[in-house]
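Notes follow once the structure below has been shown.
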Amino acid sequence: MSFEPIVSTSKPVCLVGGASVEKKSILAVSPLVGGFIGVDGGADHLLAANLTPLSVIGDLDSLSRRARATFADLLCQVDDQSTTDFEKVLQRVTAPMMICLGFTGGRMDHTLSVLNVMARYADRTIVLLDGDDASFVANRGETRVELPADTRVSIMPLGTATVSVRGLVWSFTDQVMTPDGFTSPSNAASGNTVCITTDGPMLITLPQVYLETALQAAVRAG
């Protein structure tokens, strides 16, 4: 099903959700994007940071009265109980890249639903960011990242995939990975280049300080 875009831009955007987000994290992302989108209650984080979003999208059941009044002209209420607010935004925003803050660290079911959506929208360039990590779904085929030795690299399947990895302390070849089977959390780079080849959805997590590395690796071809 296709939806009329609420926001369409040629620049990266930052989606801000309702989980805990520090003002400094929002401001640090600001130079990397062309604007922010409040995802339901995430608009309150933007209000606290004195930032005006391009839009506020969601079922709006978590939005404060103050944010509702301040951003009244920017509210786009979507009453669809079959999708999360995160998915509602992905369906209605067109942008080359999305950095997502405020989607982890809260309720476990919310975090798991975000990962579910990322797996189903693996063709989109999405980087999930918090105070510790930058995570993205690897391209099908080969993904290369340049990292110093001993940098933490976690490789976690979001579905079934056959994966080969070079350049990690614990590398492997043609390994079948599943959420309830083999995984590779808290691995580490053994040299400068890490090469990951996968035929299924694979979540790659790096330390937050390597956000720009994650952004480069997450870009989709074409």
Side-chain angles (χ1 to χ4, degrees), residues 1-131 133-137 208 211 215 218:
M1 182 181 297
S2 61
F3 298 86
E4 187 71 23
I6 293 172
V7 175
S8 183
T9 175
S10 60
K11 297 180 180 180
V13 295
C14 179
L15 312 186
V16 181
S20 179
V21 179
E22 293 187 6
K23 179 179 177 180
K24 65 180 182 181
S25 297
I26 295 176
L27 297 180
V29 168
S30 187
L32 303 175
V33 299
F36 293 84
I37 294 172
V39 182
D40 202 341
D44 282 282
H45 295 311
L46 295 173
L47 182 60
N50 297 313
L51 291 171
T52 300
L54 301 172
S55 183
V56 179
I57 303 172
D59 58 21
L60 306 186
D61 63 348
S62 301
L63 196 62
S64 72
R65 290 183 179 179
R66 183 175 174 225
R68 188 181 293 273
T70 303
F71 302 136
D73 294 338
L74 302 172
L75 302 182
C76 295
Q77 185 166 343
V78 181
D79 294 318
D80 176 7
Q81 295 306 308
S82 67
T83 57
T84 64
D85 286 328
F86 183 46
E87 186 169 5
K88 290 177 175 69
V89 174
L90 294 188
Q91 291 172 337
R92 295 167 175 84
V93 172
T94 302
M97 177 181 294
M98 298 181 183
I99 301 174
C100 303
L101 281 166
F103 292 92
T104 60
R107 283 173 43 179
M108 179 58 71
D109 58 336
H110 287 176
T111 300
L112 291 174
S113 72
V114 167
L115 297 178
N116 172 277
V117 171
M118 288 180 69
R120 290 188 288 110
Y121 287 77
D123 61 326
R124 306 286 292 274
T125 303
I126 301 168
V127 176
L128 193 62
L129 183 66
D130 59 30
D133 300 314
S135 303
F136 63 95
V137 176
Q208 187 269 350
L211 170 61
L215 294 175

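The shown structure was predicted, so the numbers you read here are calculated from the model rather than taken from an experiment.
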Taking salt bridge (Lys or Arg N to Asp or Glu O under 4.0 Å) as the cut-off, I'd like each qualifying pair that reaches into residues 115-128, sequence neighbours left out, listed once.
Glu87-Arg120
Atom pair NZ (Lys23) and CG (Asn50), whose distance is rounded to the nearest 0.5 Å
5.5 Å
If you look at every heavy atom in Leu115 and Leu128, which pair is closest and at what distance?
CD2-CD2, 4.3 Å
Using a cut-off of 6.0 Å, state whether more than 12 heavy atoms not belonging to Gln208 lie near its atom CD.
yes
So CD1 of Ile37 and SG of Cys100: to nearest 0.5 Å the spacing works out to 9.5 Å
Arg66 atom CZ, over 12 foreign heavy atoms within 6.0 Å
no
Just do the side chain to side chain contact (heavy atoms under 4.5 Å, CB included) check on Asp85 and Asp59 with the steps written out, would you?
CA-CA 7 Å; Asp85 286 328; Asp59 58 21; 3.5 Å; yes
Please determine whether the number of non-hydrogen atoms from other residues, nucleotides or ligands lying under 6.0 Å from atom CG of Asp109 exceeds 12.
yes
Separation between NZ of Lys88 and CD1 of Ile6, rounded to the nearest 0.5 Å:
11.0 Å
Ignoring hydrogens, what is the shortest heavy-atom contact between Ala134 and Leu129? Give both atom names and the distance.
CB-CD1, 4.1 Å
Show the nearest heavy-atom pair for residues Cys14 and Leu101, with the distance to one decimal.
SG-CD1, 3.9 Å
Shortest non-hydrogen pair, Leu63 vs Ala43, comes out as CD1-CB, 3.5 Å
CG/Asp133 to CG/Leu211 distance, rounded to the nearest 0.5 angstrom?
11.5 Å
Can you tell me how far apart OG1 (Thr84) and CG (Asp40) are? Round to the nearest 0.5 Å.
11.0 Å
Within residues 51-95 or reaching into it, pairs that qualify as ring-ring contact (aromatic ring centres under 6.0 Å, His included) - sequence neighbours excluded:
Phe86-Phe103
Search all heavy atoms of Cys76 against all heavy atoms of Ser55 and return the closest pair with its distance.
SG-OG, 3.5 Å
Identify the two heavy atoms, one from Ala28 and one from Pro31, that lie closest to each other, and give their separation to 0.1 Å.
O-CD, 3.2 Å
Just how far is it from atom OG1 of Thr94 to atom CD of Glu4, taken to the nearest 0.5 Å?
9.0 Å
